[in-house]
Structure formats: C-alpha cells, structure tokens
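The next block holds one structure in the form of structure tokens; read it before the comments.
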Amino acid sequence: MTKKPLGLNTICTHVGEITDAQFKGAISPIYLSTSYEFDNVDIKRYPRYFNTPNQEFLAKKIAALEHAESALIFGSGMAAISHMFLAFLHTGDHIVVQNTLYGGTSNFIREEFPKLGIEFTFTDGYQVSDFEVAIQSNTKLIHIETPSNPLLTITDMKAVSVLAKSKGILVTMDNTFGSPVNQNPIDYGIDIVMHSATKYLGGHSDILAGAIASSQEHIDRIWNVSKNLGGSLSDMTVWMLERSMKTLGLRVKAQTKNAKRLAKFLNKHKAVSKVYYPGLKQHPEYGLAKSQMHDFGAMLSFELVEGIDAMEFMKALSLIKPSMSLAGVESTMILPSVTSHALLTREQREAVGISDQLIRFSVGIESVEDLKNDIKQAIAKIRKKSVAKI
Ligand SMILES: *Cc1c(COP(=O)(O)O)cnc(C)c1O
C-alpha cells in the first residue's frame with residue numbers, strides 16, 4: 001500500500017521539525033554553531049554548505065510543500081535565482097525569459113549576463129508560441145513567472161514544460177506569487193521551482209530569504225555553485241522562517257479568500273474601471289488558471305476610473321498600507337507607474353499595460369469588511385475634494 005501524502009497544514013506544522021531529544025521541548029531547537037566536530041561526520045557541517053541542522057530540516061518542509069525531492073534555503077530570493085541560473089548557464093548559452101519578469105531578475109540578467117557571455121531573449125508574451133519562436137540552438141533554460149506581476153497574466157506550465165522537454169531545455173519557475181499553497185509547478189513538469197521566501201513563505205514582512213526545490217540531481221548541481229558563491233541564510237533567520245511557515249497554509253488560504261471577495265467587490269465598484277484577477281471569469285486565462293492552480297492567489301490589480309487620482313487614493317487609505325512589500329499578513333497597495341515601472345516613459349508603460357491608474361493590491365488576512373470599508377471611505381474622501389463629477 002502506498003502511503004497517503006500528508007495534508008498541506010500537516011506539512012506546514014510538522015515536516016522538518018527537529019526533535020529536542022535533550023529537553024523534550026515542543027519546537028525545533030536552534031543551532032547557531034558555525035563549527036562542528038569533524039571526525040565522525042561524512043560531510044563537514046558549515047552554514048555556507050547549507051547543511052546546519054536548521055537549514056537541512058527546514059529544506060525538508062519546503063521540498064515536501066513543492067512535491068520535490070530536495071530543497072535549499074538562501075539568503076534572499078535573488079540569491080536563489082542567481083545561483084540557480086549560474087548553476088546551469090555557461091558562456092555561449094542562451095536563456096528565454098518573459099518581459100513581465102520580476103524587476104530584480106530582469107536587472108540581474110541584463111547587467112550580469114553580458115559580462116559572462118550568456119545570451120538572453122525577453123519574450124513579449126506568455127503564450128507557448130512566444131517561447132517557441134525565441135528558442136535558439138544554444139537555449140539551455142526557459143524561466144517563467146505565473147501569475148505575473150502586476151497584471152496577473154497566466155502562463156501554461158504544462159505546455160511550456162512539454163515544449164522545453166521536446167528540445168532538451170530545462171524550465172525553471174518563480175513560484176513566489178502563487179506560493180505552494182496555490183500551485184505546485186513540479187506536478188506540471190517544471191524542473192526547478194524557486195521562491196522569494198521574503199514574501200508568502202515568510203509572510204510577516206520581517207524576513208529576507210529565498211528557496212529552491214527540485215530533484216536531488218539538480219539540487220546537487222546548484223549546491224556545488226552555491227557553496228562557492230556563499231548565499232546561505234543565517235540559522236537565526238532559518239529558524240524564524242520555520243516558525244512562520246507553520247501558518248503558511250492558514251495565512252495564504254485566508255488571504256486568497258479575501259482576494260476573491262475583494263476582486264468581486266472592486267469589479268462592481270463605479271470608481272473602478274478594470275480588475276485583473278485570475279479568479280474572475282472575465283480574466284482571459286481564467287480557465288487555464290483554474291486548471292493549473294489549486295486556488296487563484298491573493299494578488300490582484302485594478303484601475304481607478306479617470307478623474308480619481310491614484311496617488312490621492314493611496315494617501316486617503318487608512319488601514320491598507322502603501323508599501324512596496326507584498327504577501328505579508330497586512331494588506332498593501334502600490335502604484336506600479338511610480339515604483340516598479342517608474343523608469344519607463346508613460347508611452348512605454350501604456351504599451352505594457354501599466355497605466356497611471358493601475359494599483360497592485362497584495363491582500364492580507366484582515367476582516368474583509370474592514371478592507372472594503374477602507375477602500376470605500378478613501379474614494380468618498382477624494383470625491384468630496386474633487387471638482388470632477390465621478
Ligand atoms: C521579491 C521577489 C523576488 C526577489 O526576492 P528577494 O527576497 O527580494 O531577493 C523574486 N521574485 C519575485 C516574484 C518577487 O516578488
């Protein structure tokens with residue numbers, strides 16, 4: 001008989017716990033040693049080797065959540081991404097990525113790859129055909145992000161994996177936005193999954209961390225590079241991340257439920273002209289999102305009607321925080337036009353669908369009525385001040 005896999009919240013709570021054999025405490029002890037006895041161990045334990053007890057055990061939880069054989073924990077999401085790319089790409093190789101890529105990843109590619117002689121193609125779209133035309137004879141890797149930031153476009157994980165496999169290309173995916181609660185890319189043929197654990201895995205806006213989950217073979221290859229680059233996470237923070245992840249399932253499910261209700265609320269609101277959320281039937285890839293996600297996630301974007309100044313709206317909020325950070329238990333909003341896409345001209349922004357009226361909403365765990373009321377009072381406040389009849 002095959003063993004039934006553990007449920008989400010059981011994995012979050014228990015997988016990768018360290019037993020406190022000495023004192024029988026309820027939680028994992030924290031091991032801060034940077035030095036371990038060497039004469040009776042096969043591999044020297046050392047924090048930069050990703051093999052201290054806290055690192056090794058938390059990696060088991062992350063691997064279990066992503067349906068992977070193995071995992072590694074990093075000092076940031078960018079450490080995870082850069083080490084992953086550098087483990088598989090060499091001079092003369094080529095990578096295909098999306099225009100909607102996280103800004104830091106895009107900068108890493110544009111600034112560092114030319115120095116290393118690694119070629120790259122940014123595809124305009126997110127359809128399989130967009131990737132197909134970008135593939136060259138030296139393409140080694142396709143890296144995707146779904147749902148994308150900030151417009152929540154959905155990429156077909158399975159179709160991209162099938163295309164890549166047929167050409168011997170590896171597919172890596174940034175699963176930060178979906179989190180393992182809402183989707184498991186490895187089940188759809190994605191080879192390597194990475195996270196900015198700064199976001200949902202940490203979930204309280206107080207930890208900078210990253211993670212990679214994959215087969216043991218790929219993880220070994222990444223480990224070989226990572227031990228040289230030195231991007232591991234301090235054990236104090238590893239321990240904090242373990243504590244945070246016990247509630248990952250509970251948090252993200254509550255946030256997702258709120259996001260669904262707020263998407264519907266905003267969709268009907270007269271001051272809102274458009275809502276981007278994969279869980280709304282009007283979303284062009286609603287069917288695809290439904291087929292490859294467990295649920296639709298807790299990120300959404302919306303556009304205010306002309307006449308309501310988006311910046312004024314943000315200032316009028318009293319509960320929802322204007323903040324660059326996302327995925328914490330607290331709700332936050334940002335204006336992509338003055339943050340992530342500020343360096344583009346207005347025309348360039350419009351061309352990629354980022355209007356000055358667009359607001360990205362990272363939905364938290366607050367009572368949903370309070371969030372709705374905050375949005376309502378902010379709009380009412382602006383209307384009162386505004387001469388425009390909205
Ligand atoms: C924040 C983020 C990153 C980078 O992670 P850091 O922990 O800030 O280094 C990568 N990808 C996505 C989608 C992110 O949101």
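Every number for a ligand or one of its atoms is a count from 1 in the order of the listing.
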Extract all donor-acceptor atom pairs below 3.5 Å that involve side chains of residues 271-281 and protein atoms in other chains or at least two apart in sequence.
{"from": "Ser273", "atom 1": "OG", "to": "Glu303", "atom 2": "O", "distance (Å)": "3.3"}
{"from": "Tyr276", "atom 1": "OH", "to": "Glu303", "atom 2": "OE2", "distance (Å)": "2.9"}
{"from": "Tyr277", "atom 1": "OH", "to": "Gly297", "atom 2": "O", "distance (Å)": "2.6"}

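- Checked by atom type and distance alone, the side chain of Thr123 never pairs as donor or acceptor with a backbone atom of Phe131 at under 3.5 Å.
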Please tabulate, line by line, the atom pairs linking an N/O of ligand 1 to a protein N/O at a distance below 3.5 Å, with the distance in Å to 0.1, or answer 'none'.
{"from": "ligand 1", "atom 1": "5 (O)", "to": "Ser196", "atom 2": "OG", "distance (Å)": "2.9"}
{"from": "ligand 1", "atom 1": "7 (O)", "to": "Gly77", "atom 2": "N", "distance (Å)": "2.9"}
{"from": "ligand 1", "atom 1": "7 (O)", "to": "Ser196", "atom 2": "OG", "distance (Å)": "2.9"}
{"from": "ligand 1", "atom 1": "7 (O)", "to": "Thr198", "atom 2": "OG1", "distance (Å)": "2.6"}
{"from": "ligand 1", "atom 1": "9 (O)", "to": "Gly77", "atom 2": "N", "distance (Å)": "3.1"}
{"from": "ligand 1", "atom 1": "9 (O)", "to": "Met78", "atom 2": "N", "distance (Å)": "2.8"}
{"from": "ligand 1", "atom 1": "11 (N)", "to": "Asp174", "atom 2": "OD2", "distance (Å)": "2.7"}
{"from": "ligand 1", "atom 1": "15 (O)", "to": "Lys199", "atom 2": "NZ", "distance (Å)": "2.7"}

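- Taking 4.5 Å as the limit, every side-chain heavy atom of Ile382 sits out of range of all side-chain heavy atoms of Ile379.
- Salt-bridge formation is detected for the pair Arg349/Asp356: a Lys NZ or Arg NE/NH1/NH2 atom is positioned less than 4.0 Å from an Asp or Glu carboxylate oxygen.
- Remark: Asp220 engages Gln216 in a side-chain contact (heavy atoms from CB on, under 4.5 Å) (not counting sequence neighbours).
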Which atom pairs, donor and acceptor, lie under 3.5 Å between side-chain atoms of residues 73-82 and protein residues at least two apart or in another chain?
{"from": "Ser76", "atom 1": "OG", "to": "Met78", "atom 2": "N", "distance (Å)": "3.4"}
{"from": "Ser76", "atom 1": "OG", "to": "Ala79", "atom 2": "N", "distance (Å)": "3.0"}
{"from": "Ser82", "atom 1": "OG", "to": "Met78", "atom 2": "O", "distance (Å)": "2.8"}
{"from": "Ser82", "atom 1": "OG", "to": "Ala79", "atom 2": "O", "distance (Å)": "3.3"}

